[in-house]
Amino acid sequence: IDTIEDINLVSENSICFTDSSQYHAYKEIFLDECYWEDSYSNIYKDSTVLDIGSNCGMFSLFAVERGASKVYSFEPIRDSFILTSHNTKDYRDIIIPINAGVSDKDEWKKISVDWMGMGISTNERFPAGIEEMDKNKTDSYRAEFWPPNSIFDRLNLTDGADIVKLDCEGGEFEFFE
């Protein structure tokens, strides 16, 4: 899969998803407004945000809604990165998608995506986004990873970041080492 046209998508208000878990993230953030509590009311205003493990870009979009001035959206999984790029395209001046993950070393790693874990739904409200998928399939490919201490230099963030959202399948530990 190399472009958004290569993915069978389900869309809601021009936001696209490939599985029900992505739709549920959208629903929680934008329809149920779970992140709109008082404790989050002003923290994004004019902030620089690192969204590490962006999946389909929902948190990046939320940060823009709350007033972030720049969001760097990291996603190493190729299909999810393409989806993030598509979903955030209207905010390209603010959201910068980066096809990389975070690890303890600056390297390219072989990663495997187990499509069984994608949370495919078959209910009528949200039909499966990837049709006729071989649920036993695993895709393997090489992805770029950046160490946390290099992120600020590579992005020329001399003042650092105001907010870091981490959801990177175990890479959170490496981020803080």
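Predicted, not measured: the structure shown is a model, and the values here were computed from it. Worth knowing before you read on, the calculation uses all heavy atoms, side chains too, and leaves out hydrogens, waters and symmetry mates.
Within a 6.0 Å sphere centred on CG of D93, heavy atoms belonging to other residues, nucleotides or ligands number more than 12.
By the side-chain contact (heavy atoms from CB on, under 4.5 Å) test, P97 pairs with F81, T84, S85, T88, R92, sequence neighbours left out. Residues passing the side-chain contact (heavy atoms from CB on, under 4.5 Å) test with L157 are T48, L50, Y72, F152, L155, sequence neighbours excluded. Looking at residues two or more places apart in sequence or on another chain, you find a side-chain contact (heavy atoms from CB on, under 4.5 Å) between F145 and P76, S103, K109, I111, A143. Scanning for side chain to side chain donor-acceptor pair (under 3.5 Å) contacts around N55 gives Q22, with sequence neighbours left out. Considering only residues two or more places apart in sequence or on other chains, K27 meets the salt bridge (Lys or Arg N to Asp or Glu O under 4.0 Å) condition with D32. For D106, the side-chain contact (heavy atoms from CB on, under 4.5 Å) partners at least two apart in sequence or on another chain are P147, R154.
With rounding to the nearest 0.5 Å, the separation of CG in D90 from CG in L61 is 9.0 Å. Rounding to the nearest 0.5 Å places SG of C56 at 10.5 Å from NE2 of H86. The CD atom of E65 lies 11.0 Å from the CE atom of M58; values are rounded to the nearest 0.5 Å. Annotation: the span from I95 atom CD1 to S60 atom OG amounts to 5.0 Å, rounded to 0.5 Å.
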Output, in order, the C-alpha distance, side-chain angles, deciding distance and verdict of side chain to side chain contact (heavy atoms under 4.5 Å, CB included) for V71 and F59. CA-CA 10 Å; V71 179; F59 186 82; over 6 Å; no
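A pairwise comparison of heavy atoms in I94 and A68 identifies CG2-O, 3.7 Å as the closest pair. The heavy-atom pair separating E75 from S80 by the smallest distance is CG-CB, 3.6 Å.
Evaluated for a side-chain contact (heavy atoms from CB on, under 4.5 Å) with F74, the options N99, I98, L166 yield exactly one hit, I98.
In terms of modelled atom types and a separation under 3.5 Å, the side chain of N87 and the main chain of G57 share no donor-acceptor contact. Using a distance-only test at 3.5 Å, with no hydrogens or angles considered, no donor-acceptor pair links the side chain of S73 to the main chain of I96.
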